[in-house]
Q: 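To start, I am sharing the structure in question, which I have written as structure tokens.
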2 protein chains.
Amino acid sequence: MELAAAKLKFIEAWGKLGSEWGINRTMAQVHALLLISPEALTTEDIMESLSISRGNANMTLRDLIGWGLIEKQHKAGERKEYFFADKDVWNISRQVAKERKKRELEPVLKILGELSAVEGDEKDPNYTTFKKSITDINKLAVNVDKTFEAMLKAEESWFWGSVLKVFK
Amino acid sequence: MELAAAKLKFIEAWGKLGSEWGINRTMAQVHALLLISPEALTTEDIMESLSISRGNANMTLRDLIGWGLIEKQHKAGERKEYFFADKDVWNISRQVAKERKKRELEPVLKILGELSAVEGDEKDPNYTTFKKSITDINKLAVNVDKTFEAMLKAEESWFWGSVLKVFK
DNA sequence: ATAAACTTTCAATAATTTTTGAAAACATAA
DNA sequence: TTATGTTTTCAAAAATTATTGAAAGTTTAT
């Protein structure tokens, strides 16, 4: 396969994976493009490469900055802004974990905490079933949260070394 | 909070979380409803509880069965079908991991494998940057795959015991 | 065989999400 | 200041995804 074709294939696959996991397809594609780009790119470069509008490119780039996945670069003597992706896959994973933890996991943990406190009649199966499911899900969510927390602190080699030790 | 209100809140929260992670909101809500229901429910029960149409209920229930999260029950002397959710949160996690691994991770691993094999000019930064990103992402994906694999085999207590040991 | 109870299908519709593109805002240079 | 290059905004349009509901299909009972 040619490099050009391979790049397109990667951008497509990354976009599809993103959309399957609740990340806007275009956002994932722009990220993919910047990931395999040795140079920082301008908005125009991105618009052209992915055939998207200026408005879309601008909003997507802003979102990616919000996720901590890319950053703006200014080149001396130039007025245009350039965008550059962190290429460290471990940093990327941590950044995504950090944002999803904050945006999605924490609100759910809060609600589960409230729901765990609901009182009821221990003789009512409606209550006991509810209570047990909520308690169990809460435990799982806390474990997932701890795992994310550990990822945020960990060095890659340490993290995978330890996790993979589990599977021996 | 009343139990009835708590149930609604849980169904709503579970639906929201699902939709943020690429799972149809209604599917997550039906699952939530069955999770906190001590009895198996009929399609009509579900239609009424969640105010959804018969067609939607039917398709959603079929999907949930496809994900291995609920099953049909037949009651002696009755013609209606009843639906019942596995309440074991660890089983649920494994089931979701299993399906997403199969449906999403494996296709990506396949593509990454192909892309890893692309040859090019080691002096061309376009090639070396592409190569490095793909290789790194491939490694990460393989690790995630292994983690899922381990989950599928593991007993809950063993799994979390081992994983949490990592965070001491 | 017919009817009744129940389930499945799927074209049409509705709801939601994403994208566009042109205008407005902003920044820099002349 | 004015012109020029660049970025941002956001209402409207397009695309995608989810839902409806009625007809067709299936199963069981009589």
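Within every chain, numbering begins at 1; the chains are lettered A, B, ... in the order of the sequence lines, protein sequences first and strands thereafter.
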Q: Which nucleotide in the set C:dT8, D:dG5, D:dT27 lies at the smallest distance from any side-chain heavy atom of B:R79?
A: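 Among C:dT8, D:dG5, D:dT27, the one nearest the side chain of B:R79 is D:dT27.
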Q: Can you tell me the distance, in whole Å, between the NZ atom of A:K75 and the P atom of D:dG5?
A: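 The distance from NZ of A:K75 to P of D:dG5 comes to 20 Å, rounded to the nearest Å.
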Q: Would you call A:E122 and A:K131 a salt bridge, taking side-chain N to carboxylate O under 4.0 Å as the test?
A: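 No, no charged N to carboxylate O under 4.0 Å.
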Q: A:S19 near the nucleic acid: base, sugar-phosphate alone, or nothing, with a heavy-atom cut-off under 4.0 Å?
A: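 If one applies the 4.0 Å heavy-atom cut-off, A:S19 turns out to touch nothing in the nucleic acid.
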Q: What's the CG-P distance between A:N56 and C:dG21, to the nearest Å?
A: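 One finds 11 Å between P of C:dG21 and CG of A:N56, rounded.
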Q: Are B:R100 and B:E104 within salt-bridge range, i.e. N to O under 4.0 Å?
A: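 Looking at B:E104 together with B:R100, the answer is yes, because their closest N to O distance falls below 4.0 Å.
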Q: Cation-pi check for B:Y127 against B:K123: NZ or CZ below 6.0 Å from the six-membered ring centre and within 45 degrees of the axis, yes or no?
A: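 Checked: cation-pi criterion not met.
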Q: Where the side chain of A:S53 is defined as all heavy atoms beyond and including C-beta, which of C:dT8, C:dT19, C:dC6 is the nearest nucleotide?
A: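 Output: C:dT19.
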Q: Find the distance A:E78:CD to D:dG5:P and express it as a whole number of Å.
A: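 Distance, rounded to whole Å: 14 Å.
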Q: Does the ring of B:F83 carry B:K72 above it, NZ/CZ under 6.0 angstrom from centre and within 45° of its axis?
A: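 No cation-pi geometry.
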Q: For residues A:I92 and A:D86, report the shortest heavy-atom separation together with the two atoms involved.
A: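 Heavy-atom minimum between the residues: CD1-O, 3.5 Å.
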Q: Using whole Å, what does the distance between atom C1' of nucleotide C:dT13 and atom CD1 of B:I52 come to?
A: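 The answer, rounded to whole Å, is 17 Å.
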Q: It should be established whether A:N24 places a side-chain nitrogen or oxygen under 4.0 Å from OP1 or OP2 of nucleotide C:dT19.
A: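 Affirmative; the distance criterion is met.
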Q: Calculate the interatomic distance between A:M47 atom CE and C:dG21 atom P; express it in whole Å.
A: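 Whole-Å distance recorded here is 9 Å.
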Q: Relative to the 5' end of DNA chain D, which residue comes earlier, B:M27 or A:K80, by the nucleotide with the nearest heavy atom?
A: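 Result: A:K80.
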Q: Where each residue is assigned the nucleotide of DNA chain D containing its nearest heavy atom, which of A:E81 and B:R54 is assigned the position nearer the 5′ end?
A: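 Checking each residue's closest nucleotide, the 5'-ward one belongs to A:E81.
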Q: Does a nitrogen or oxygen in the side chain of B:T26 sit under 4.0 Å from OP1 or OP2 of D:dT19?
A: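 Checking D:dT19 against B:T26, a side-chain N or O does come within under 4.0 Å of OP1 or OP2.
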Q: Please report, rounded to the nearest Å, how far the P atom of D:dT19 is from the CZ atom of B:R25.
A: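 Atom CZ in B:R25 sits about 9 Å away from atom P in D:dT19.
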Q: Distance check needed: C:dT17 P versus A:M59 CE, whole Å only.
A: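 It works out to 15 Å between those atoms.
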Q: Verify the contact: side-chain N or O of A:N58 to OP1 or OP2 of D:dT7, cut-off strictly under 4.0 Å; return yes or no.
A: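 So the side-chain polar atoms of A:N58 never come under 4.0 Å of the phosphate oxygens OP1 or OP2 of D:dT7.
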Q: Distance check needed: C:dT16 P versus B:K16 NZ, whole Å only.
A: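 In whole Å, C:dT16 P and B:K16 NZ are 15 Å from each other.
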Q: Can you find a side chain N or O atom of A:T43 that sits less than 4.0 Å from OP1 or OP2 on D:dT6?
A: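 Checking D:dT6 against A:T43, no side-chain N or O comes under 4.0 Å of OP1 or OP2.
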